[in-house]
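A short write-up of the structure that comes next.
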Amino acid sequence: MTSSARQKSSFSEAASNCVEVRAFEGAVELRESDEGEVIVRTTRPGLADFLQGAKAEEFDHLITTP
C-alpha cells in the first residue's frame with residue numbers, strides 16, 4: 001500500500017460499518033467507516049504484529065456472538 005487512499009476489506013462487501021486502512025505519512029491508519037473522526041495510527045511493524053496475533057486467534061475471546 002503506497003497511496004493515501006483508504007481501503008476496506010473485501011469481506012466488508014457493501015456494509016457501511018467496516019474498518020478502513022491507509023498508509024499515511026510513514027504510518028498506517030485504521031478507522032471505522034461510520035466513525036471517521038476516530039483514527040488509530042500505528043507503525044507498519046506494529047500492524048504486522050497485530051495481524052499475526054489476530055491470525056493466531058489471540059483475540060478471539062473479544063468477539064461476542066450475536
Side-chain angles (χ1 to χ4, degrees):
M1 182 183 332
T2 57
S3 77
S4 63
R6 297 194 187 276
Q7 180 181 356
K8 68 178 184 175
S9 169
S10 59
F11 291 97
S12 297
E13 298 179 3
S16 62
N17 58 344
C18 61
V19 175
E20 300 174 333
V21 63
R22 75 173 179 170
F24 186 71
E25 296 181 356
V28 178
E29 291 183 346
L30 300 143
R31 76 173 186 179
E32 289 279 347
S33 59
D34 59 345
E35 292 187 44
E37 67 279 357
V38 178
I39 297 173
V40 174
R41 192 170 198 180
T42 188
T43 62
R44 289 174 188 241
L47 179 61
D49 290 346
F50 173 78
L51 292 174
Q52 185 176 15
K55 288 178 184 179
E57 302 175 358
E58 291 180 14
F59 310 109
D60 284 3
H61 65 283
L62 300 173
I63 299 172
T64 57
T65 308

Problem set entry | Heavy-atom check, side chain of Val28 versus side chain of Arg22, under 4.5 Å | no
Exercise. Sequence neighbours excluded, which residues qualify as salt bridge (Lys or Arg N to Asp or Glu O under 4.0 Å) partners of Glu57?
Worked result: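 None.
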For this session: Kindly write out the residues that satisfy salt bridge (Lys or Arg N to Asp or Glu O under 4.0 Å) with Glu20, not counting sequence neighbours, or none if the list is empty.
Result: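 Salt bridge (Lys or Arg N to Asp or Glu O under 4.0 Å) list for Glu20, sorted by chain: Arg31.
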Exercise. Which atom pair, heavy atoms only, marks the closest approach of Glu29 to Phe24?
Worked result: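 Shortest heavy-atom contact: OE2-CD2, 3.4 Å.
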Exercise. Which residue pairs pass the ring pair (Phe, Tyr, Trp, His ring centres under 6.0 Å) test when at least one of the two sits in residues 29-51, sequence neighbours left out?
Worked result: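 Sorted pair list: Phe50-Phe59.
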Problem set entry | Ile39 with Leu30, same ILVMFWY side-chain cluster at under 4.5 Å |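 The answer is no; the residues belong to distinct hydrophobic clusters.
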Seminar exercise, completed: By side chain to side chain contact (heavy atoms under 4.5 Å, CB included), Ser9 pairs with (sequence neighbours left out) Phe11, Ser12
